[in-house]
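Below: the structure, in structure tokens.
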Amino acid sequence: MILNAKHQIASLISKATSEDESLCFKSLEVAQEGHGDIASKIGFMLAKKMRMRPVQAAQEVAEKLKPHEWVKGVEVAGPYINFMLSDEFYAEAVMRILQDGKEYGRGNSGKRVIVESPSVNPNKPWHIGHLRNALLGDAVANLLQFRGDHVQRMDYIDDLGLQVAQSLWGYLNLDKEIEGKADHWIGHEYVKVAGMVEKDEVVKKSAEGILREMENGGNETAEKARWLAEECVKAQYETAFNYGNYENVLICESDIMREIFGEGIEKLKASGAVTHETSGPSKGCWVVKLSGKMRGMTEPDKILIRSNGTATYTGKDMIFHLWKFGKLKGGFRYSKFLEQPTDGTAYITSKKGKAMDFGKADLVVNVIGVEQKYPQEVIKHVLDVLGYTKEAENFVHLAYEHAWLPEAKFSGRKGTWVGHTADELAAEGKKRALEKVKTGIPEGERETVAEEVAIGAIRYAFLKIAPEKKLVFKWDEVLSLEGDSGPYLQYACVRARRILEKADFNEKVGAYGFNAEEKRLVKELAQFPMIMKNAAGKMKPHLVSDYLYSLSNVFSKFYTNNPVIKAEKEEEKKMRLAMVSAFNNVLSTGLGVLGVPVPDKM
RNA sequence: GGGCCCGUGGCGCAGUCUGGAUAGCGCGACUGCCUCCUAAGUAGUAGGUCGAGGGUUCGAAUCCCUCCGGGCCCGCCA
């Protein structure tokens, strides 16, 4: 709605100045406190052209402005023109939100999008670094869905890694039975075996033998490895579900190798983009020549196929991306993996299964650590070389900085994740929240409330900071229940809902004179569509967090000083109820995108 | 050697893309506010050379250049 107001005002300025409407629009911003509602810096922009100083230019323009029902007043403040919006605008803004309901601010872009996340190796539980990836991926997927994209949440499972082979070696030779939660068990097993491998050449060779069998496929060891990997992923998904995450499809590396790799590599070879080296350091390899085309690298080539005929990680990923963009004829078959509590079935690539409509994306978003920036750029570059210019543009590496502990970085091999897994974080959060839950809440509901508060606090803590920011992990900050935190937003939402429960609300509201705090609230609400569109375009959930926090802040101030149910006049009560309902609508939608749950009470 | 990211009150951040009015917020510290819709709230006080220096501009935290500090990357690992 604030956009509509800006367009109206741009039109007024355009008529007054005969300047292009888009230029006038560009001069507008949502004003800060004390400078009206919408401010124009058109004075600066036209000063030179009009051969006067900005202050005079603003004065000239202001005098020629025609009235509009949404504009109550115009004030020239030095070089700025400040517009005060009318009660009619505010009333209409509130009604618009109520009419649109859940659809308010939603787009209809209709793009096919793949969001790849979190792609955690299937040999350990999620630690807080993986959690950051998963939450970012989930929130970005939600944001794009809100924009109207058709989103495939895709999880890449590296079931052919040495880590899985080593864990399997431990399973076969040491313990033979999974105890407790599979991801934790496998994680410990891996630490144990990795330690042995360092000292014991026989173990090392044995584990490497397992890896070879896995890569060859079609044997009992490979089946077993796949089974173990899936057990681990299922356990990791328990963690995911606890945090409210879900996936649509899991793509296993073993299936990439079996189903699409051959076609992909032939395509690359035939395209001429990949060449076979007959001399030099990369003799016998298939490489992409990058000399002079990519900055920041010493070696001019990137090897996709090694001289022994096997594929590098980048080689596999390259072909995976040809598939993601629908550039291969072949594809996968899928079978059901898990029924998810939040959003239906997750499918996994498999030998049998059925064909399904995954892939063929217009836009690919990879949520991957910043340390993989270079191989990701290689893929983007090769797409471009292959003539897939549009696809190269629509290949996005959403890089995030890692989260680590004050004392050390996480290492799967060394087991530094022990005591700092996403599971333990949720448990600790719940414990802390339980201490704060009001005694007035019945015993049976306290656990649920504490869980929702904890998950909300953690999700918000991760999502409120920009992904490129390093995150040195401190329990107290992530589990904060006050101030700029998840529970603050939940609390505002709960208070709003309680008011709505206690009062009869009829959407028909007559003419009304808004006070300053009411205007602030409505103005904030009216910016929601603009904020969401911007956040989706940039794929930055923290812009949503920021907005929702300041919205809740404005609501809290409104709440403190403006009684709703006990409002003095009937019109006042009606309009305030409408505002509270609009606030509840916007905040609930926004929290939904962030995946922050709202408890019934707190 | 080259490339990318970060540097904003004691601590943690937003704002930088798209330059504008006294640089916002949270934590921590201090002082107030619950006979009134949930005080996980709210009102206020103290605390800042926006890493440094130059440049562009009527105007720079924001754009350009140089430098400093921290991190990541430049593999026939993934």
Side-chain angles (χ1 to χ4, degrees), chain A residues 26-27 29 31-35 39 41 43-45 47-48 53-54 77-80 82 121 158 160-163 253 277 281-287 294-299 301-317 369-375 377 399 401-402 433 436-438 440-441 453 457 461 464-472 474 476-477 480-492 494-496 498-503 538 542-543 545-547 549-550 552-553 556-557 559-567 576-577 580 601-602:
Chain A
K26 229 181 139 184
S27 82
E29 57 196 48
Q32 35 185 304
E33 284 301 300
H35 297 292
K41 51 190 181 190
F44 286 118
M45 295 163 85
K48 240 178 210 151
R53 283 187 310 229
Y80 295 89
N82 298 331
N121 276 333
D158 181 7
L160 289 184
L162 182 62
Q163 300 100 322
E253 181 168 326
E277 292 294 282
S282 309
K283 188 177 173 184
C285 298
W286 289 85
V287 306
M294 272 188 54
R295 299 190 303 171
M297 55 178 305
T298 325
E299 283 300 313
D301 306 337
K302 180 69 204 173
I303 294 165
L304 299 185
I305 305 291
R306 303 184 186 100
S307 54
N308 68 5
T310 59
T312 61
Y313 167 77
T314 306
K316 293 173 194 171
D317 212 21
V370 66
E371 74 281 357
Q372 288 196 39
K373 184 138 197 152
Y374 165 64
E377 269 175 22
E401 270 289 354
H402 277 235
K436 277 210 97 171
V437 173
K438 291 214 165 51
I441 293 175
V453 167
K464 79 172 177 175
I465 75 168
E468 65 270 17
K469 221 86 168 186
K470 294 177 202 43
L471 199 152
V472 176
K474 309 215 176 74
D476 282 335
E477 284 166 18
S480 165
L481 309 178
E482 275 150 34
D484 184 8
S485 69
Y488 180 93
L489 307 193
Q490 293 173 322
Y491 187 62
V494 167
R495 294 212 286 190
R498 189 51 42 85
I499 292 175
L500 295 170
E501 272 171 30
K502 288 186 177 176
K538 291 177 182 167
H542 79 275
L543 299 176
S545 311
D546 272 2
Y547 166 76
Y549 177 68
S550 72
S552 299
N553 198 248
S556 293
K557 292 181 211 299
Y559 181 95
T560 305
N561 300 321
N562 300 274
V564 178
I565 294 170
K566 290 175 184 166
R576 285 181 182 168
L577 272 171
V580 172
K601 329 182 165 111
M602 63 187 285

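All values below were derived from every heavy atom in this structure, side-chain atoms included, with hydrogens, water molecules and symmetry-related copies excluded. Here is the naming used below: chain letters follow the sequence lines, and residue numbers restart at 1 for every chain.
Side-chain atoms of K538(A) and base atoms of C17(B) include a donor and an acceptor less than 3.5 Å apart.
For C76(B), neither phosphate oxygen OP1 nor OP2 lies less than 4.0 angstrom from any side-chain nitrogen or oxygen of K283(A). Look at K502(A) and you'll find a side-chain N or O under 4.0 angstrom from OP1 or OP2 of U38(B). Side-chain nitrogen and oxygen atoms of N82(A) include none within less than 4.0 Å of the OP1 or OP2 phosphate oxygen of A21(B). Taking side-chain N and O atoms only, K26(A) has no distance below 4.0 Å to OP1 or OP2 of U18(B). Residue K557(A) places at least one side-chain N or O under 4.0 Å from the OP1 or OP2 atom of A43(B). Taking 4.0 angstrom as the limit, Q32(A) places a side-chain polar atom (N or O) nearer than this to OP1 or OP2 of A21(B). A close approach under 4.0 Å does not occur between any side-chain nitrogen or oxygen of Y313(A) and OP1 or OP2 of A78(B). Contact check, R306(A) against C77(B): a side-chain N or O comes under 4.0 Å of OP1 or OP2. Considering only side-chain N and O atoms, K469(A) lies under 4.0 angstrom from the phosphate OP1 or OP2 of G7(B). Within the structure, a side-chain polar atom (N or O) of Y488(A) is placed less than 4.0 Å from OP1 or OP2 of U42(B). Close to C58(B), at under 4.0 Å from its OP1 or OP2, lies a side-chain N or O of K48(A). For the OP1/OP2 pair of U42(B) and a distance below 4.0 Å, the side-chain nitrogens and oxygens of S556(A) include at least one atom meeting the criterion.
Within 4.0 Å of P54(A), counting heavy atoms only, lies no atom of the nucleic acid at all. If you check every strand for non-hydrogen atoms under 4.0 Å, V287(A) touches nothing. Heavy atoms of N553(A) sit under 4.0 angstrom from primed sugar atoms or phosphate atoms, though from no base atom. Contact annotation for L162(A): no contact, since no heavy-atom pair falls under 4.0 Å across all strands. Using a 4.0 Å heavy-atom distance criterion, H402(A) is classed as making no nucleic acid contact. No contact: D317(A) has no heavy atom under 4.0 Å from any strand. Nucleic acid contact for V472(A): none, since no nucleic acid atom lies under 4.0 Å from a heavy atom of the residue. Base contact: A39(A) has a heavy atom under 4.0 Å from a base atom. The residue R495(A) sits close only to the backbone: its heavy atoms come under 4.0 Å of sugar-phosphate atoms, none of a base.
Taking atom P on both A60(B) and C67(B), the two are 24 Å apart, rounded to the nearest angstrom. Using atom C1' as the reference point in both C74(B) and U56(B), the two lie 34 Å apart (nearest Å). A distance of about 10 Å separates the C1' atoms of G19(B) and A61(B), rounded to the whole Å. A gap of 15 Å separates the P atoms of U66(B) and G1(B), to the nearest Å. Only the C1' atoms considered, A21(B) is 25 Å distant from G55(B), to the nearest whole Å. One C1' atom belongs to C25(B), the other to G70(B), and the distance between them is 25 Å to the nearest Å. A52(B) and A40(B) have their P atoms separated by 41 Å, with the value rounded to a whole Å. Between U62(B) and A23(B), the distance separating the two C1' atoms is 11 Å to the nearest Å.
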#### Entry: V453(A) vs K436(A), side-chain contact (heavy atoms from CB on, under 4.5 Å): CA-CA, chis, key distance, verdict
CA-CA 10 Å; V453(A) 167; K436(A) 277 210 97 171; over 6 Å; no

### Task
Apply side-chain contact (heavy atoms from CB on, under 4.5 Å) to the pair E253(A) and Y313(A), showing each step before the final yes or no.
CA-CA 10 Å; E253(A) 181 168 326; Y313(A) 167 77; 5.6 Å; no

### Message
Let's go through E29(A) and K41(A) carefully: what are the C-alpha distance in whole Å and the side-chain angles of both, what is the deciding distance for side-chain contact (heavy atoms from CB on, under 4.5 Å) to 0.1 Å, and is it a yes or a no?
### Response
CA-CA 8 Å; E29(A) 57 196 48; K41(A) 51 190 181 190; 3.7 Å; yes

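Among A40(B), A14(B), C4(B), the nucleotide with an atom closest to any side-chain atom of K373(A) is C4(B). When the nucleotides A40(B), G15(B), U42(B) are ranked by their closest atom to the side chain of K438(A), A40(B) comes out on top. Among the nucleotides C37(B), A21(B), U38(B), the one closest to any side-chain atom of K566(A) is C37(B). Closest contact between the side chain of V453(A) and the listed nucleotides A14(B), A40(B), A78(B) involves A40(B). You'll find that the side chain of R498(A) is closest to C37(B), out of C37(B), U42(B), C73(B). Between C37(B), C76(B), C13(B), one nucleotide has an atom nearer to the side chain of I565(A) than all others, and that is C37(B).
The separation between E482(A) atom CD and C25(B) atom P is 18 Å, rounded to whole Å. What separates OH of Y374(A) from C1' of G3(B) is a distance of 11 Å, to the nearest Å. F44(A) has its CZ atom 13 Å from the P atom of G19(B), to the nearest Å. In this structure, N561(A) places its CG atom 12 Å from C1' of G41(B), rounding to the nearest Å. For the pair I305(A) CD1 and G75(B) P, the computed distance is 18 Å after rounding to whole Å. Counting to the nearest Å, the C1' atom of G59(B) and the CZ atom of R53(A) are 15 Å from each other. Atom NZ in K464(A) sits about 19 Å away from atom P in G24(B), given to the nearest Å.
For S480(A) and P375(A), each mapped to the nucleotide of RNA chain B holding its nearest heavy atom, the one lying further toward the 5' end belongs to S480(A). Comparing H35(A) and Y559(A), the nucleotide of RNA chain B nearest to each residue sits closer to the 5' end for H35(A).
Side-chain contact between Q490(A) and S485(A): absent, with no pair of heavy atoms (C-beta onward) separated by less than 4.5 Å.
Annotated stems with RNA chain B as a participant read B:1-7 with B:68-74, B:10-13 with B:24-27, B:29-33 with B:41-45, B:51-55 with B:63-67, given as range with range, by first number; only runs of 3 or more Watson-Crick or G-U pairs under 3.5 Å qualify.
Side-chain contact annotation: K557(A) with N561(A), donor-acceptor N/O pair under 3.5 Å absent.
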